[in-house]
2 protein chains.
Amino acid sequence: MTGDDDRATSCDDDRTTIHVEPDPRLALETVRSGIEDGALVVVFGRCRVEYEGRAASELGPGDRLVVLKPDGTALVHTDEGQQPVNWQPPGSSHEASLVEGELRIESRRESPTERLSIRFETIRQLSTFDAADGSELALVGTEADLRERILEEPGLIEEGFRPLATERDTAAGAVDVYGEDDRGRTVIVELKRRRVGPDAAGQLRRYVDAVERELHADATVRGILVAPSVTDRAGRLLERHGLEFVALEPTM
Amino acid sequence: MTGDDDRATSCDDDRTTIHVEPDPRLALETVRSGIEDGALVVVFGRCRVEYEGRAASELGPGDRLVVLKPDGTALVHTDEGQQPVNWQPPGSSHEASLVEGELRIESRRESPTERLSIRFETIRQLSTFDAADGSELALVGTEADLRERILEEPGLIEEGFRPLATERDTAAGAVDVYGEDDRGRTVIVELKRRRVGPDAAGQLRRYVDAVERELHADATVRGILVAPSVTDRAGRLLERHGLEFVALEPTM
DNA sequence: AAGTCGATATCGCCA
DNA sequence: TGGCGATGTCGACTT
């Protein structure tokens, strides 16, 4: 059973189950057991998919990879694209059944009510895995890293800038970095880890407006957008509203 | 070879290859062939992952499902979450190699330069699939559907509303629906398929500002946000800037 | 290639 | 649970 041309159809041990072209009855049993046991269930085959919930969709027949996770996630992947063509978020409940002799996998959740239904014409392969992942992702180069960089070296914003608070609350939301310049004027800093468009300029504008209303009307509030770069349109928006830009990247 | 307790280790036909706990050399050969042939490659095993590009990340050992797509997509899925813990977008180039006797899969792309490296301590299963998907997703309930609904029945916005253009260009971007009310005043409509926050109010505000500057200064420009509902803060933002809200949902 | 914005966005944090 | 904003957002469309 080790040759390249073998026609293996089944394998089952403590941690892994595999079936090649299983009949629907065996597939049903295996998927049900996998869901029950908290396994990662992976099915590849020709299927149709329906979704109804926040929106509604229909997907005709095609070969797809379906993944059911023990946390209630369901993914339907085609041979293209990073995003699944259909999915169900974590917290959903998966259920398998036979409909007209075909395997159907349904995943539901409430609030909002959503239903995903996958029906297999053919099953080329079905696997279940007992998966254990003890490691956490360590990511650098985020907006939080940019903030730390500025707090450690406030002069990167400008000579004499003094940070007073992070996530300072305003009527418009929490300001990334709140401080004052060398002349005692209030400074609102909005951080972006990458090149920004008009939305970020609008966000900074809302914060500055809110703080200006909050302080006495004659106070000068400066708004500084800190990002690697800005688009033309965002730059004009900043200029129009008296906001400033400082080019800076997150450390990595 | 059909019993549940069989110990199959290999299967290979025209459209599918499967190996259970393959040795690294066989795994290398299979992954390389799969990439070369434009197959969907699926690996489950204990691995470590490194990423460097727009940001940088490290992920320690754990059981994960790795998917390589023929369009250059790479996905690393843990047993939790809808999103992959690491990934590479479509257009990347996958490459397999042996490093210190272990299978390593690397995926790279340029512009921006990004590199994803996956190294397997153990491989529990390795499959390649010849996948064909002829169907397109048909989705309803999007913002485009909401726009169609309004164009067919403009009175949903208000009595006497007349749409004149969609995606009308302004200095601030394209307005969803541009029209006028029963008194001939310009109306800017911004559509959202779901409950909106401050960002959408800011977006509408930018469009109205731009059109007011574009038209003669004394022209009255109304801004209407159309969505199922608004948050408190967004509602206050609309009110403060003289913008209006109409509750409406996309059809499904 | 870059800009802009939608998305069944998802995710994490915090009230 | 809802609000809010970040994301290695992705993806589609336009310039």
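Below, chains carry the letters A, B, ... as their sequence lines are ordered, and counting in each starts from 1.
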**Student:** Please determine, for the side chain of B:R193, which listed nucleotide (D:dG11, D:dT7, C:dA7) has the closest atom?
**Tutor:** C:dA7
**Student:** Go nucleotide by nucleotide along DNA chain C from the 5' end; which of B:L191 and B:Q82 gets its closest nucleotide reached first?
**Tutor:** B:L191
**Student:** Which part of the nucleic acid, if any, lies within reach of A:G81 when heavy atoms closer than 4.0 Å are counted: base, sugar-phosphate only, or nothing?
**Tutor:** sugar-phosphate
**Student:** Can you tell me how far the OG1 atom of A:T78 sits from the CD atom of B:E136, to the nearest 0.5 Å?
**Tutor:** 9.0 Å
**Student:** Would you classify B:E190 as touching base, sugar-phosphate or nothing, given that sugar-phosphate means primed atoms plus P, OP1 and OP2, and contacts are heavy atoms under 4.0 Å?
**Tutor:** sugar-phosphate
**Student:** Might you point out which heavy atoms bring B:V211 and B:R168 nearest each other, and give the distance in Å?
**Tutor:** CG2-NH1, 4.3 Å
**Student:** Want to settle it: does B:A55 or B:R233 sit nearer the 5' end of DNA chain D, counting the closest nucleotide to each?
**Tutor:** B:R233
**Student:** May I have the distance from B:Q203 (atom CD) to C:dA7 (atom P), rounded to whole angstrom?
**Tutor:** 11 Å
**Student:** When the distance from CG of B:L137 to P of C:dA7 is rounded to whole Å, what number comes out?
**Tutor:** 13 Å
**Student:** What heavy-atom pair brings B:P163 and B:V177 nearest, and what distance separates the two atoms?
**Tutor:** CB-CG1, 4.1 Å
**Student:** Just N and O in the side chain of B:Y207: are any of them under 4.0 Å from OP1 or OP2 of C:dC5?
**Tutor:** yes
**Student:** Find the distance A:Q83:CD to D:dT7:P and express it as a whole number of Å.
**Tutor:** 17 Å
**Student:** Does B:W87 make a side-chain N or O approach to OP1 or OP2 of D:dC10 shorter than 4.0 Å?
**Tutor:** yes
**Student:** If the C1' atom of D:dT14 is compared with that of C:dT8, how far apart are they to the nearest Å?
**Tutor:** 25 Å
**Student:** Please round to the nearest 0.5 Å and tell me the distance separating atom OG1 of B:T251 and atom CD of B:E152.
**Tutor:** 8.0 Å
**Student:** To the nearest angstrom, how far is B:D145 atom CG from C:dT8 atom P?
**Tutor:** 10 Å
**Student:** So for B:E114 and D:dG8, does any side-chain atom that can act as donor or acceptor lie under 3.5 Å from a complementary atom in the base?
**Tutor:** yes
**Student:** What's the gap between C:dT10 and C:dG6 when it is taken at their C1' atoms, as a whole Å value?
**Tutor:** 14 Å
**Student:** Less than 4.0 angstrom between a side-chain N/O of A:T231 and OP1 or OP2 of C:dT4, yes or no?
**Tutor:** yes
**Student:** Assign A:A172 to base, sugar-phosphate, or nothing according to its heavy-atom contacts below 4.0 angstrom with the strands shown.
**Tutor:** sugar-phosphate
**Student:** Whole angstroms only, please: what is the NZ-P distance between B:K192 and C:dT8?
**Tutor:** 13 Å
**Student:** Tell me: CG of A:L59 to C1' of C:dT8, nearest whole Å?
**Tutor:** 14 Å
**Student:** In terms of side-chain heavy atoms of B:R206, which of D:dG8, C:dC5, C:dG3 is nearest?
**Tutor:** C:dC5
**Student:** Measure the spacing between CD of B:E212 and CD1 of B:I188 and express it to the nearest 0.5 Å.
**Tutor:** 9.0 Å
**Student:** Please state whether the phosphate of D:dG3, meaning OP1 or OP2, lies under 4.0 angstrom from any side-chain nitrogen or oxygen of B:R236.
**Tutor:** no
**Student:** Under a 4.0 Å N-O cut-off, is there an ion pair linking A:R205 with B:D209?
**Tutor:** yes
**Student:** Between the base of C:dT8 and the side chain of A:N86, is there a donor and acceptor pair under 3.5 angstrom?
**Tutor:** yes
**Student:** Using a 4.0 Å heavy-atom cut-off, does B:P89 contact any base of the nucleic acid, only the sugar-phosphate backbone, or nothing at all?
**Tutor:** base
**Student:** Base, sugar-phosphate, or nothing for A:S111, non-hydrogen atoms under 4.0 angstrom?
**Tutor:** sugar-phosphate
**Student:** Would you indicate, yes or no, if C:dT4 has its OP1 or OP2 atom less than 4.0 angstrom from a side-chain nitrogen or oxygen of A:R195?
**Tutor:** no
**Student:** Any N or O donor-acceptor pair linking the side chain of A:D232 to the base of C:dG3 at under 3.5 Å?
**Tutor:** no
**Student:** Take atom P in D:dC4 and the same atom in D:dG8, then report the distance between them in whole Å.
**Tutor:** 23 Å
**Student:** Closer than 4.0 angstrom, basic N to acidic O: yes or no for A:E167 and A:R147?
**Tutor:** yes
**Student:** Considering every strand and a 4.0 Å limit on heavy-atom distances, what is the contact class for A:P198: base, sugar-phosphate, or nothing?
**Tutor:** sugar-phosphate
**Student:** Can you tell me the distance, in whole Å, between the CD atom of A:Q88 and the P atom of C:dC11?
**Tutor:** 12 Å
**Student:** Could you state the CZ-P distance from A:R194 to C:dT4, rounded to the nearest angstrom?
**Tutor:** 12 Å
**Student:** Choosing from C:dC5, D:dC4, D:dG8, which nucleotide comes nearest the side chain of A:L139?
**Tutor:** D:dG8
